[in-house]
**Student:** 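Dropping a structure here in structure tokens format, bear with me for questions.
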Amino acid sequence: MAFTHLHTHTEYSLLDGSSKIDEIIARAKELGMDSLAITDHGVMYGVINFYTAAKAAGIKPILGSEVYVSPGSRFDRERVSGEDRYYHLVLLAENNTGYTNLMKIVSRGFTDGFYYKPRVDYEVLSQYSEGIIALSACLAGEVAKNITRNNYEEAKAAALRYQDIFGKGNFFLEMQDHGYPKQKLVNQNLLKMSRETGIELVATNDVHYTFEEDVAAHDILLCIQTAKKVKDADRLRYEGGQFFLKSEAQMRELFPYAPEAVENTHRIAQRCNVDIEFGITKLPEYEVPEGYTAFSYLKKICYKGLAQRYGRDKALRLDEIKAKLNFELEVINKMGYVDYFLIVWDYISFAKSRGIAVGPGRGSAAGSIASYCMGITDIDPIKYQLIFERFLNPERISMPDIDIDFDQEQREIVINYVVNKYGAEYVAHIITFGTLKARLAIRDVGRVLNVSLVKVDKIAKMIPFNTELKDALNNIPELRKMYETDREIKRVIDYSLKLEGKVRHASVHAAGVVISKDVLSDEIPTYSDGKTKIVSTQYQMKELEELGILKMDFLGLKNLTILRKTVENINLEKKRKGQKDKVILNDIPLNDEKTYEL
């Protein structure tokens, strides 16, 4: 096999690519290919999933992105409009340095240059060019766009500029043929340009769906993205049905006049070797006072808390509790989680010192004496006979997970404290993706196909929540009957079955926050929706855990807000009446008889 697809969009080119990662990798394997690239639009959302799935299938993963390049500075906004706001450029990571630089480039597109799309500029590309192989991209690339506008010399100058940025042999002129006359014009000029400049050619297919028969479903996906209907004349289309994962034979048939362009794809693939490290915990270091190590400081906090929590109860065997605490401390130290406990203790201490309501603890962390002594939890594991090993166990290595509840209205104060303490470049929210569930798929497809809202609503309401469409079709006789007797409904359901489960949009995890040992964009690509000053990761929670990135859960709990306001109102009323005592929430006994009599 001497061909590799180097320009490939998955469903993470949101509502533009329709290929699921497992599906497209399986198809590449079926076609006898030994490598495949991922180059989603301006993002790296699917890279880790793609990397692990490709490795498991025996396919070499080529990690990349089709980035957007501003024609001027990435900070420019209204200098140009429409399609001229950005050019396309395909970037592939040649090695681990290139992978890190690719993450930097993609992250800067969001943090610096977002304007309709996450844009970078020549300055960013130059700064992070090492280890990157670049392709001139499709008709929206700077080289191709200038050729179609009869600006050959400007196109050539752009190509030479990219070659200067990435280095000789690291920039390629990209040829595509989806049956468009403009592409034939571009390809002839690229042949000439290659001869004149010595810049090599590469042949790609702009893959947006896996199989040839997926063209109609992909067209519906485009309509969902652009809020158009299939019947609309003025809308985005990928005409011709040629944007699927083609075989090597099909690609060679398209470019008989440039066999080296086809073969260069595999040469590039052989050059790309990225090795991602999994399972190595990358905890940030907590800065302890002078004279302490992190472990000695942890012990100091715990021993002080031990005296406060248990020292006044003469009925308790303090030596036995201290022995259990020391066992926990040794486990925490041995597993490398000392800094983790100090970080959690620090922001909880901050919250409590500011009068921010903090939950008593949830989940297995409540079984830790160390957590209780540090004030991370307020549930006594000795009194309630809770088990530490459910939380941390040396025989079952996993990241600790202490979920903390905060007053919903004051949660952001704590997060901002963490950002200010560790630095904005080290802290991020966690991205999550909404998918086309069965009901939503029916509604979206029905709208795009211009089917009666009443009819679409009736179908959607027949499908139970959290039920896959195929199961609903098999288990709901009325729905099956409508599917078999109404051609319009059948069409809606058939397309919905193809699109169900695909990624629809990106959003932010309700509670998750990561804190990194190094600058986040050295470890993962980041993303910003423009709605908050804090960036989000481009990788999801599961992938972050695999990469060893520390994840914290800052949960906003409305009940804590209600409790805080209730206590405040009671104490204000007491003050008005001249009463000096105050209600303290944690001092209220859990076995108060009068309360139970209510």
**Student:** Looking only at the side chains, is there a donor atom on one of Glu23 and Thr210 sitting less than 3.5 Å from an acceptor on the other?
**Tutor:**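 Yes - a donor-acceptor pair under 3.5 Å links their side chains.
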
**Student:** Strictly by salt bridge (Lys or Arg N to Asp or Glu O under 4.0 Å), give each pair with a member in residues 4-14 just once, sequence neighbours left out.
**Tutor:**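 Qualifying pairs, neighbours excluded: Glu11-Lys20.
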
**Student:** Before accepting this row, confirm whether a basic side-chain N of the pair Asp494/Lys498 lies closer than 4.0 Å to the acidic partner's carboxylate O.
**Tutor:** no

**Student:** Restricting to pairs with a member in residues 219-229, which pass side chain to side chain donor-acceptor pair (under 3.5 Å), not counting sequence neighbours?
**Tutor:**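 Passing the test, one end in residues 219-229: Asp219-Arg235, Lys229-Asn450.
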
**Student:** Restricting to side-chain contact (heavy atoms from CB on, under 4.5 Å), what partner residues turn up for Asn273, sequence neighbours left out?
**Tutor:** Lys60

**Student:** Enumerate the salt bridge (Lys or Arg N to Asp or Glu O under 4.0 Å) contacts for residues 510-521, please, sequence neighbours excluded, ordered by first and then second residue.
**Tutor:** none

**Student:** Check whether Tyr152 forms a cation-pi arrangement with Lys192 (NZ or CZ under 6.0 Å from the six-membered ring centre, at most 45° off the ring normal).
**Tutor:**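 Judged by the rule (NZ or CZ under 6.0 Å from the ring centre, within 45° of its axis), Lys192 counts as positioned above Tyr152.
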
**Student:** Would you tell me whether Ser136 and Glu174 have side-chain atoms, one donor and one acceptor, within less than 3.5 Å of each other?
**Tutor:** no

**Student:** Can you list the steps and then say if Val492 with Leu449 is a side-chain contact (heavy atoms from CB on, under 4.5 Å)?
**Tutor:** CA-CA 8 Å; Val492 169; Leu449 294 177; 4.1 Å; yes

**Student:** Is the closest side-chain donor-acceptor distance between Asn264 and His266 under 3.5 Å?
**Tutor:**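 The criterion, which ignores hydrogens and geometry beyond distance, is not satisfied for His266 and Asn264.
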
**Student:** Under 3.5 Å, is there a donor on one side chain and an acceptor on the other for Thr4 and Ser35?
**Tutor:** yes

**Student:** What pairs meet the salt bridge (Lys or Arg N to Asp or Glu O under 4.0 Å) rule with one or both residues in residues 534-544, with sequence neighbours excluded?
**Tutor:**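 As it turns out, the salt bridge (Lys or Arg N to Asp or Glu O under 4.0 Å) pairs with a partner in residues 534-544, which skip direct neighbours, are Lys542-Glu546.
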
**Student:** Looking at Phe244, is Lys246 sitting on its ring face, NZ or CZ under 6.0 Å from the six-membered ring centre and within 45 degrees of the normal?
**Tutor:** yes

**Student:** Determine whether the side chains of Thr10 and Ser19 contain a donor N or O and an acceptor N or O closer than 3.5 Å.
**Tutor:** no

**Student:** With distance as the sole criterion, is a donor-acceptor pair present between the side chains of His9 and Glu66 under 3.5 Å?
**Tutor:** yes

**Student:** With a 6.0 Å cut-off (strictly less than), is the heavy-atom count around NZ of Lys182, excluding the residue itself, greater than 12?
**Tutor:**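 Count not over threshold, so no.
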
**Student:** Are Arg85 and Tyr116 in a cation-pi contact, defined as NZ or CZ under 6.0 Å from the six-membered ring centre and within 45° of the axis?
**Tutor:** yes

**Student:** Salt-bridge test for Asp34 and Lys29: reply yes if a basic N is under 4.0 Å from a carboxylate O, no otherwise.
**Tutor:**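 No, no charged N to carboxylate O under 4.0 Å.
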
**Student:** Give the table of side-chain donor-acceptor pairs shorter than 3.5 Å for residues 153-162, with sequence neighbours excluded, one pair per line with atom names and distance.
**Tutor:**
from   : atom 1 : to     : atom 2 : distance (Å)
Lys156 : NZ     : Glu196 : OE1    : 3.1
Arg161 : NH2    : Tyr122 : OH     : 3.2
Arg161 : NH2    : Glu142 : OE2    : 2.8
Tyr162 : OH     : Glu142 : OE1    : 2.8

